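Notes for the one structure printed next.
Just so it is clear, the structure is predicted and the values come from calculations on it, not from any experiment.
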Amino acid sequence: MKDLNWPYRGLSNHLQPIASGHLVVVGGLYMSGKTTLLLNLAYKFALEGGHVAFFSCSEPSKNLQTRLLRRVFESQLKLEDTKDLPTDELDELNRSLYEMKQLTLDIVGLKERSIERTIEVANELNHSRGIEIFIIDDLYLLSGKRKACGLLKQVGMTLGVSFIVATKLKHSAYRNAGKIPRIKDFEGNGSHFAEADSIMILHCPSDHWSSSNGIDEVKITLSRAGGVDVDLTEVLQFDWSKSVVND
């Protein structure tokens, strides 16, 4: 696979371009924005010519496709409302749908939630569709998750593909919701992420919660970059109504 730069300046300044064999772990508390960030990454990598698959362990694939459409169309449009759109907006919507169909971006719902099945599907898509970047949301829900990173790293090196996986933090981290999470806040103190090339943890400062739109600002702590432990923080802006993430 060709190397692809991270699509956000705050991340690309510190992270190597994503390349074959790379394993990236994204952690965060419940509702911290992991899925929204990963959907945006999937779309932007695909725009740059990457062949991407998004594996969902929890949310139906149709919901994710709608969220991606909103990301492209940048509106709160509901698909069932298209018949009421003015002609120019309907044309724009159809253009966006056409552009999305030209991308190699597959949304896959994992019905069998095991790391072994996930790897099996990834292998199939790599051979049949040429998929090179696999985004897995949510590793926390897969059986065999404690051995997942070692297996994914091995598969990535063998197939020449990369994996980006999201997972929740351990329950005790919820008691420290006001503090910036660290690797120790993963299950098992993060020991099973030893193979990860990069680790980023999402954190929403309590004063950035909004009762109507959710989080506006998310801090991204980079705990590992290029295989080296670091302690760097960047801020990304989330527009929840459009499922958009910006620097």
Between V218 and H203, is any pair of side-chain heavy atoms under 4.5 Å apart?
no
Does a side-chain heavy-atom distance below 4.5 Å link L222 with L11?
yes
Which distance, rounded to the nearest 0.5 Å, do you find between the OG of S12 and the CG of N5?
6.5 Å
CG on L105 to CG on L39, rounded to 0.5 Å:
8.5 Å
How long is the span from the CG atom in L15 to the NE2 atom in H22, to the nearest 0.5 Å?
10.0 Å
Between R224 and D197, does any side-chain N to carboxylate O distance fall below 4.0 Å?
no
Are any of the side-chain nitrogens in K147 or E195 under 4.0 Å away from the carboxylate oxygens of its partner?
no
Measure the shortest side-chain to side-chain distance between F134 and I164 over non-hydrogen atoms and say whether it is less than 4.5 angstrom.
no
Provide the closest heavy-atom pair for A196 versus V25 in the form atom of the first, atom of the second, distance.
CB-CG2, 3.9 Å
So which of T118, L125, I136 actually passes side chain to side chain contact (heavy atoms under 4.5 Å, CB included) with V108?
L125
Taking every non-hydrogen atom, the tightest pair across S198 and G226:
OG-N, 3.8 Å
May I ask whether M200 and V230 are part of the same hydrophobic cluster, defined by side-chain heavy atoms of I, L, V, M, F, W, Y residues being less than 4.5 angstrom apart, directly or through others?
yes
Face-on cation placement of K145 at Y140 ring, 6.0 Å and 45° thresholds:
yes
Does any part of the side chain of V26, heavy atoms only, come nearer than 4.5 Å to the side chain of T167, both counted from C-beta?
no
Euclidean distance, L38 CG relative to F54 CZ, rounded to 0.5 Å
5.5 Å
Is L141 reachable from L110 through a run of hydrophobic residues whose side-chain heavy atoms are each under 4.5 Å from the next?
no
Go through it in stages, so that I can follow the logic: the residues are Y43 and L103, the test is side chain to side chain contact (heavy atoms under 4.5 Å, CB included), and I'd like the CA-CA distance, side-chain angles, deciding distance and then a yes or no.
CA-CA 8 Å; Y43 173 65; L103 303 178; 3.7 Å; yes
Do D247 side-chain atoms and G10 backbone N/O form a donor-acceptor pair below 3.5 Å?
yes
Identify the heavy atoms of L159 and N126 that sit nearest to each other, and give their distance.
CD2-OD1, 4.0 Å
Considering non-hydrogen atoms only, spot the tightest contact between I115 and G144 and give its length.
CG2-O, 3.6 Å
Begin with the C-alpha distance, continue with both residues' side-chain angles, and end with the deciding distance and a verdict on side chain to side chain contact (heavy atoms under 4.5 Å, CB included) for K168 and F186.
CA-CA 7 Å; K168 295 183 180 70; F186 286 106; over 6 Å; no
So CG of D216 and CG of L236: to nearest 0.5 Å the spacing works out to 13.0 Å
Please walk me through it: do T36 and V245 pass side chain to side chain contact (heavy atoms under 4.5 Å, CB included)?
CA-CA 8 Å; T36 298; V245 178; 3.8 Å; yes
Any non-hydrogen side-chain atom of K34 less than 4.5 Å from a side-chain atom of L202?
yes
Approximate separation, where rounding is to 0.5 Å, of Q237 CD and Y8 OH
11.5 Å
Can a side-chain donor-acceptor contact be found between D137 and S56 if the only test is distance below 3.5 angstrom?
no
Are F55 and L151 in one and the same hydrophobic cluster, where Ile, Leu, Val, Met, Phe, Trp and Tyr link if side-chain heavy atoms are under 4.5 Å apart?
yes
List the steps, then state whether side chain to side chain contact (heavy atoms under 4.5 Å, CB included) holds for D185 with R182.
CA-CA 6 Å; D185 292 311; R182 305 293 181 189; 4.3 Å; yes
What closest approach, in Å, do P7 and K44 show between heavy atoms, and which atom pair accounts for it?
CB-CD, 3.4 Å
N123 side chain vs I119 backbone, donor-acceptor pair below 3.5 Å
no
Is the shortest side-chain heavy-atom distance between N40 and F45 below 4.5 Å?
no
Tightest non-hydrogen contact, residues L4 and G50, listed as CD1-CA, 3.8 Å
Looking only at atom types and distance, does a side-chain atom of W6 sit under 3.5 Å from a main-chain N or O of P17, one as donor and one as acceptor?
no
Could you tell me whether the side chain of L139 reaches within less than 4.5 Å of the side chain of L142, counting heavy atoms only?
yes
State, with a plain yes or no, whether a side-chain heavy atom of R129 is found less than 4.5 Å away from one of D106.
yes
